[in-house]
Amino acid sequence: MTTFVLIPGAWHGAWTFEPLARGLREHGHHAYPLTLTGVGDRRHLLTATVNLDTHIADVANLLEDEQITDAVLVGHSYGGMVITGAADRVPERVAGLVYVDAMVPENGDSCWSLVTERERAWYLQGVGETGCTSAPLPFFDPRATPHPLASLLQAIRLEGGLDRFRGRDYVYATGWDGQSPFTALHERLRDDPSWRTHAVPSGHNVMRDAPDDLLKILLAAARPPAGASGHAAPETEVVRAVVVDGADTPRCQ
């Protein structure tokens, strides 16, 4: 039995992971989809001071309060920043990390520094309305809410490396409308024997577009990686047809 903590991307709440959480529970695992401070049903807590450190504390506090010691942290997109920081904060409570089309930062990186000009323009949508929030894009789920801008700009502070954790998985979505900002990262991790990588024919919103594929990957992440002995685990490539349909195409979140 493994405990999964599921962290959504920017503008999104725990609801984006809830169907996947149900699937994990049906297989006997614990699953905690988490809404970060200032977003979703916690939007009443949004202030100009909510930043990346706040969101890292959200996860670290959950792990400590629930006395979790075997967590697999799963982060989508911006959530990769959060799970990296939380694992660094309380490494004794984390067994593995799964990045779902997400940032994998090093010390000093920020969400802003790791994306392209296209994504930076998305981050600045609606900033003039409040001065401290990034507005959800028009094609997002109607439940999406403004996201604290400071969390997208703040540089992460890390004290150790990811090699402390037994499992590291990267899920790469191959069905972007245009160039994915994660292609170079995926190619680098694919050649690293300490990572398991998975190419999934999906738009950026993998939880919505490829839920069965993602569930299988997470169930495998509950087991020690095949590359743990120093041999590279082969990349998992799921081959299916993908429909990319204009305005509803998932983008970076």
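For R157 and D88, the salt-bridge test fails: no basic side-chain N is under 4.0 Å from an acidic carboxylate O. In this structure, D141 does not pair ionically with R208, as no charged nitrogen and carboxylate oxygen lie closer than 4.0 Å.
Taking the six-membered ring where tryptophan is involved, the planes of F17 and H76 are perpendicular, since the angle between them exceeds 60° and thus also 30°.
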Working for side chain to side chain contact (heavy atoms under 4.5 Å, CB included), residues L162 and L97: CA-CA 9 Å; L162 297 182; L97 300 162; 3.7 Å; yes
Stepwise ring pair (Phe, Tyr, Trp, His ring centres under 6.0 Å) test for H55 and H147: CA-CA 11 Å; H55 291 163; H147 190 87; 5.7 Å; yes
CA sep, side-chain torsions, deciding dist, call: F140, H12, ring pair (Phe, Tyr, Trp, His ring centres under 6.0 Å): CA-CA 9 Å; F140 283 174; H12 290 66; 5.0 Å; yes
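Evaluation of the side chain to side chain donor-acceptor pair (under 3.5 Å) rule for R42 yields T37 as partners, not counting sequence neighbours. Y170 is linked by a ring-ring contact (aromatic ring centres under 6.0 Å, His included) to nothing, counting only residues two or more places apart in sequence or in another chain.
Cluster membership for F182 and I7, using ILVMFWY side-chain heavy atoms within less than 4.5 angstrom, is shared. In this structure, I56 is a member of the same hydrophobic cluster as L62, with clusters built from ILVMFWY side-chain heavy atoms closer than 4.5 Å.
Side-chain contact check for T145 and W11: no donor-acceptor pair (N or O, by modelled atom type) lies under 3.5 Å.
Between F4 and H29, the ring center distance clears the sub-6.0 Å criterion.
T49 is not listed as a side-chain neighbour of T54, based on a closest heavy-atom distance of 4.5 Å or more.
Residue T3 is tested with D70, V72, L24 for a side-chain contact (heavy atoms from CB on, under 4.5 Å); the sole match is D70.
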